[in-house]
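See structure below.
These numbers come from a predicted model, not from an experiment. Computation of the quantities below employed the complete heavy-atom set of this structure, encompassing side-chain atoms and omitting hydrogens, waters and symmetry-equivalent molecules.
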Amino acid sequence: MAVTVKECLELQLLEVEMLLSMFPKKGEINLDEDAVPTVQRYLSNTDGALPPQLQYSIALEVGEAKVKVELQVLLPHTYPQVAPQLFARSDALHRQQQLQLNTGLTSHINSLGSGELCVYEAVLWVKDNCPPYLGSSKVSSESASEAAVVKETLQRTWIYSHHIYRQELRKKIFDWAKKLNLTGFCLTGKPGVICVEGLQESCEEFWSVIRYPNWKHISCKHVEKIETEGSIDNARLFRAFEDLQFQAHGDYGLRNDYHMDLGQFLEFLKLHQSESVFQILFGVKGKLSDK
């Protein structure tokens, strides 16, 4: 007999309860305080809309040096019947080591049988398998410091949405941009536009996280990749992640149904050397007003 979403969510809560008992110290598990109560309310009345997917992170200390590694967890509604989305990250790992570590983690989790709770299994795997990558990262750091030129690639991702209004969605956008060290902006209103720039894997992780579980009318319109010598910070067009809210025009008589002033948005893009993206986003060439 097929397992229901309700049964899957009940198992997810049991697993979270178990993990909280295993990692009781403050800061070991970072879980939004409303996450579990929201799922519990749904389970008491399944006639309503599905709750947001459970997501949290577990802070681990790996190896004799107790290097800090963060395991980020995002659970689809039908987990454990489908695999969780997991990502291990550490400031002590270079990009390539981090990619290799997560490729191995994904392969291991996919090898397990469906229907099994596996977040703690992922914790054990990261603890057992991360030290060799940390060792190679140290060697890579020493080699890189001796190299004449270190090349990095900055990615800039442009995302279009029919609208961005909800406070919980905006909070998610800004929280993840901060967590992944991304700069750029979020244009609130109708239409909604998000630009993030940073390391390639960080931009891809951001895009993966915000479009789930079911954000409709959202698309990745354009991706730029810029190879730099030295730090990617030298290629950033934005110094922070900004909250853009331009003056709305038109009165449609409906709450939250207003169009942002795209003329002001075009001015903003020009200021940040990105006016050519306007046509990619909206399908028309922007024209600045004469002043």
Side-chain angles (χ1 to χ4, degrees), residues 87 95 99 151-250 252 256-291:
F87 191 83
R95 185 172 51 198
L99 176 62
K151 292 188 176 181
E152 293 278 359
T153 300
L154 174 131
Q155 178 165 313
R156 189 174 299 115
T157 302
W158 297 86
I159 300 166
Y160 175 89
S161 174
H162 178 263
H163 61 267
I164 300 176
Y165 294 129
R166 290 188 294 121
Q167 288 298 319
E168 64 182 74
L169 179 57
R170 295 180 66 248
K171 182 179 185 300
K172 184 177 183 181
I173 291 168
F174 281 87
D175 286 350
W176 277 92
K178 180 180 180 180
K179 179 181 290 189
L180 297 172
N181 192 30
L182 298 173
T183 52
F185 65 84
C186 173
L187 174 64
T188 302
K190 183 178 181 181
V193 178
I194 305 168
C195 173
V196 289
E197 56 180 7
L199 292 174
Q200 178 178 337
E201 62 266 27
S202 297
C203 290
E204 290 174 352
E205 184 182 358
F206 178 87
W207 170 236
S208 176
V209 168
I210 66 162
R211 64 178 170 159
Y212 290 110
N214 56 356
W215 188 353
K216 299 177 181 178
H217 310 302
I218 183 175
S219 60
C220 180
K221 286 284 191 175
H222 185 51
V223 173
E224 303 172 61
K225 294 184 180 181
I226 302 100
E227 189 174 85
T228 67
E229 293 184 355
S231 172
I232 63 169
D233 291 341
N234 298 327
R236 293 183 189 264
L237 295 180
F238 306 92
R239 297 299 102 187
F241 193 78
E242 302 181 47
D243 182 9
L244 296 188
Q245 296 188 43
F246 296 124
Q247 181 181 0
H249 63 83
Y252 297 86
N256 284 343
D257 190 13
Y258 54 87
H259 291 261
M260 303 311 294
D261 189 329
L262 295 183
Q264 293 182 27
F265 181 49
L266 180 58
E267 291 276 8
F268 173 82
L269 291 178
K270 183 179 180 182
L271 183 65
H272 292 85
Q273 305 166 37
S274 301
E275 61 266 36
S276 62
V277 180
F278 190 92
Q279 186 168 4
I280 297 173
L281 292 171
F282 304 111
V284 295
K285 189 173 182 180
K287 183 178 180 181
L288 296 170
S289 58
D290 297 329
K291 294 184 179 179

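Distance check, rounded to the nearest 0.5 Å: NZ of K172 to SG of C186 gives 13.0 Å. Note that the CD atom of Q200 and the CG atom of L154 stand 10.5 Å from one another [nearest 0.5 Å]. Note: E201 CD to L180 CG = 9.5 Å, rounded to the nearest 0.5 Å. One distance of note links CG of L262 with CD of Q264; it measures 9.5 Å at 0.5 Å rounding. Interatomic distance, CD1 of I159 versus SG of C203, reported as 8.5 Å (0.5 Å rounding). With values rounded to the nearest 0.5 angstrom, L182 atom CG is found 9.5 Å from Q155 atom CD.
Among all heavy-atom pairs drawn from L244 and F268, the shortest one is CD1-CE2, 3.4 Å. In terms of heavy-atom proximity, W207 sits nearest to S219 at CH2-C, 3.8 Å. Here the closest non-hydrogen pair linking Q273 and L237 is OE1-CD2, 4.1 Å. Heavy atoms only, all atoms of each residue included: T228 and A235 are closest at CG2-CB, 3.4 Å.
Between S274 and the options L266, I280, L269, a side chain to side chain contact (heavy atoms under 4.5 Å, CB included) holds for only L269.
Every side-chain contact (heavy atoms from CB on, under 4.5 Å) that R170 has, sequence neighbours left out, goes to I164, Q167, F174, T188, D243, Q245. For E227, the side-chain hydrogen bond (donor to acceptor under 3.5 Å, both in side chains) criterion is met by no residue, not counting sequence neighbours. Remark: S276 pairs with no residue by the side-chain contact (heavy atoms from CB on, under 4.5 Å) rule, at least two apart or across chains. Every side-chain contact (heavy atoms from CB on, under 4.5 Å) that L99 has, sequence neighbours left out, goes to Q96, T103. Every ring-ring contact (aromatic ring centres under 6.0 Å, His included) that F265 has, sequence neighbours left out, goes to F185. Judged as a side-chain contact (heavy atoms from CB on, under 4.5 Å), and not counting sequence neighbours, the contacts of E224 are R156, W158, H222, I226, V277.
Within the 4.5 Å cutoff, side-chain heavy atoms of I173 are placed close to those of F241. A 4.5 Å side-chain heavy-atom check between I218 and I210 finds at least one atom pair inside the cut-off. Side chains of I232 and E197 form no contact here, defined as non-hydrogen atoms less than 4.5 Å apart. Counting only heavy atoms from C-beta outward, the side chains of E205 and W176 approach each other to under 4.5 Å. When side chains are defined from C-beta on, P191 counts as touching F282, because their heavy atoms get closer than 4.5 Å.
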Next item on the list: Report the C-alpha separation of S202 and N181 in whole Å, then their side-chain angles, then the decisive distance to 0.1 Å, and conclude whether the side chain to side chain contact (heavy atoms under 4.5 Å, CB included) test is met.
Entry: CA-CA 8 Å; S202 297; N181 192 30; over 6 Å; no
Notebook entry, point to check: K179 and F206: side chain to side chain contact (heavy atoms under 4.5 Å, CB included), yes or no, with the steps?
Noted result: CA-CA 9 Å; K179 179 181 290 189; F206 178 87; over 6 Å; no
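Using a cut-off of 4.0 Å between Lys/Arg side-chain N and Asp/Glu carboxylate O, D233 and R236 are scored as salt-bridged.
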